[in-house]
S.K.: 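Just passing along the structure, written as structure tokens.
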Amino acid sequence: KIRIMKKIIPILLWCCLLSSCAVQRQTEPRRYQTLTQKANATLQFDQREYTMSCSIQMWRNELIILSLQPILGVEMFRLEASQDSVLIIDKMNRRYTTLAYDWASKAVQPTPSYKMIQDFVTPPALSNVKASSQRTFEIGGHKIGIKCAFWQREYNTLAAPKRQDLKKYKRVSLREI
């Protein structure tokens with residue numbers, strides 16, 4: 001089961017980042033600079049479904065941190081999206097990789113961007129705490145579906161962003177993650 005999770009979690013990270021919200025906005029978001037959310041993410045891939053909890057921290061137009069906790073709330077993978085690139089960290093195996101958005105545009109459609117990620121994690125309706133989004137797309141010839149159910153939100157509670165210290169991690173290629 002751990003082997004399957006190792007293969008699926010990087011795909012889930014990209015799915016979460018590259019999906020655009022499928023729920024129509026009911027209200028205009030009020031002005032906020034930071035957003036913290038908790039969600040359950042479900043990935044459908046090769047006739048199987050994988051569900052895990054995740055937490056999202058967003059500093060508007062600056063940085064988005066997605067933390068995946070597949071087992072008992074322990075952070076096993078972290079993804080940090082900035083305006084120019086995405087950092088994927090495998091905390092369990094102490095490895096990481098950095099990808100520019102133009103690299104992903106060759107393998108994923110629609111072309112990923114920071115704005116797409118920010119739109120995905122921005123709540124579709126501020127009055128509806130239990131919002132969800134769902135999307136099916138294609139990566140490398142495989143159809144992948146993802147559904148995120150957001151269940152807790154807080155606005156303007158985060159201090160300045162702190163990026164992950166990578167001194168104890170080894171840089172690897174995406175295939176090795």
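All residue numbers refer to positions in the sequence shown, counting from 1.
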S.K.: Counting N and O atoms only, with roles assigned by atom type, does the side chain of Ser82 sit under 3.5 Å from a partner on the main chain of Leu63, one being a donor and the other an acceptor?
M.R.: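 Answer holds: no.
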S.K.: Apply side-chain contact (heavy atoms from CB on, under 4.5 Å) to residues Asn61 and Gln83 and explain how you reach the verdict.
M.R.: CA-CA 7 Å; Asn61 298 325; Gln83 290 283 347; 4.0 Å; yes
S.K.: To the nearest 0.5 Å, what is the distance between NZ on Lys162 and CD on Gln57?
M.R.: 11.0 Å
S.K.: Just by distance, do the side chain of Ser67 and the backbone of Ser55 share a donor-acceptor pair under 3.5 Å?
M.R.: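 Answer holds: no.
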S.K.: Can you tell me how far the NZ atom of Lys91 sits from the CZ atom of Phe77, to the nearest 0.5 Å?
M.R.: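 So the gap between those two atoms works out to 11.5 Å.
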S.K.: Within a reach of under 6.0 Å around NZ of Lys38, are more than 12 heavy atoms found that belong to other residues, nucleotides or ligands?
M.R.: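 No, NZ of Lys38 has 12 or fewer neighbouring heavy atoms, counting only those of other groups under 6.0 Å.
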S.K.: Quick check: closest heavy atoms across Ile64 and Met58, and the distance to 0.1 Å?
M.R.: CG1-CG, 3.6 Å
S.K.: Can you measure from CG (Asn156) to OG1 (Thr36) and round to the nearest 0.5 angstrom?
M.R.: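 Reported to 0.5 Å precision, the distance equals 9.5 Å.
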S.K.: Under a 3.5 Å distance rule, please check whether Tyr114 uses its side chain to pair with a backbone N or O of Glu62 as donor and acceptor.
M.R.: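 Checked: pair present.
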S.K.: What is the minimum heavy-atom distance between Pro70 and Met52, and which atoms define it?
M.R.: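 Taking every non-hydrogen atom into account, CA-CB, 3.7 Å.
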S.K.: Side-chain donor-acceptor pair under 3.5 Å between Glu49 and Thr51, yes or no?
M.R.: no
S.K.: Does the side chain of Arg60 come under 3.5 Å of the side chain of Gln33 through a donor N or O and an acceptor N or O?
M.R.: no
S.K.: Restricting to non-hydrogen atoms, name the atom on Ile88 and the atom on Leu79 that form the minimum distance, rounded to 0.1 Å.
M.R.: CG1-CD1, 3.9 Å
S.K.: What distance do Tyr50 atom OH and Thr42 atom OG1 have between them, rounded to the nearest 0.5 Å?
M.R.: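 If I round to the nearest 0.5 Å, the distance is 12.5 Å.
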S.K.: Report the distance from atom CZ of Arg153 to atom CD1 of Ile56, rounding to the nearest 0.5 Å.
M.R.: 9.5 Å
S.K.: On a heavy-atom basis, which atom in Trp59 and which in Ile65 lie closest, and how many Å separate them?
M.R.: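 Looking at all heavy atoms of both residues, the closest pair is CZ3-CD1, 3.8 Å.
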S.K.: Keeping Gln164 on the side-chain end and Ile89 on the backbone end, is there a donor-acceptor pair under 3.5 Å?
M.R.: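 The answer is no, because no donor-acceptor pair under 3.5 Å joins these two groups.
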S.K.: In sequence, state the C-alpha distance, the side-chain angles, and the governing distance for Arg95 and Tyr169, and then conclude on side-chain contact (heavy atoms from CB on, under 4.5 Å).
M.R.: CA-CA 5 Å; Arg95 301 180 297 190; Tyr169 295 92; 5.9 Å; no
S.K.: Quick one: pull up CG in Leu66 and CD in Glu75 and give me the separation to the nearest 0.5 Å.
M.R.: 9.0 Å
S.K.: Could you go step by step and tell me if Leu166 and Leu87 meet the side-chain contact (heavy atoms from CB on, under 4.5 Å) rule?
M.R.: CA-CA 10 Å; Leu166 299 174; Leu87 173 67; 4.0 Å; yes
S.K.: Which pair of heavy atoms, one from Phe150 and one from Ala39, lies closest together, and at what distance?
M.R.: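 Result for this residue pair: CD2-CB, 3.6 Å.
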S.K.: Taking all heavy atoms of Ile117 and all of Ala81, pick out the closest pair and write down the distance.
M.R.: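 Taking Ile117 first and Ala81 second, the nearest heavy atoms are CD1-CB, 3.9 Å.
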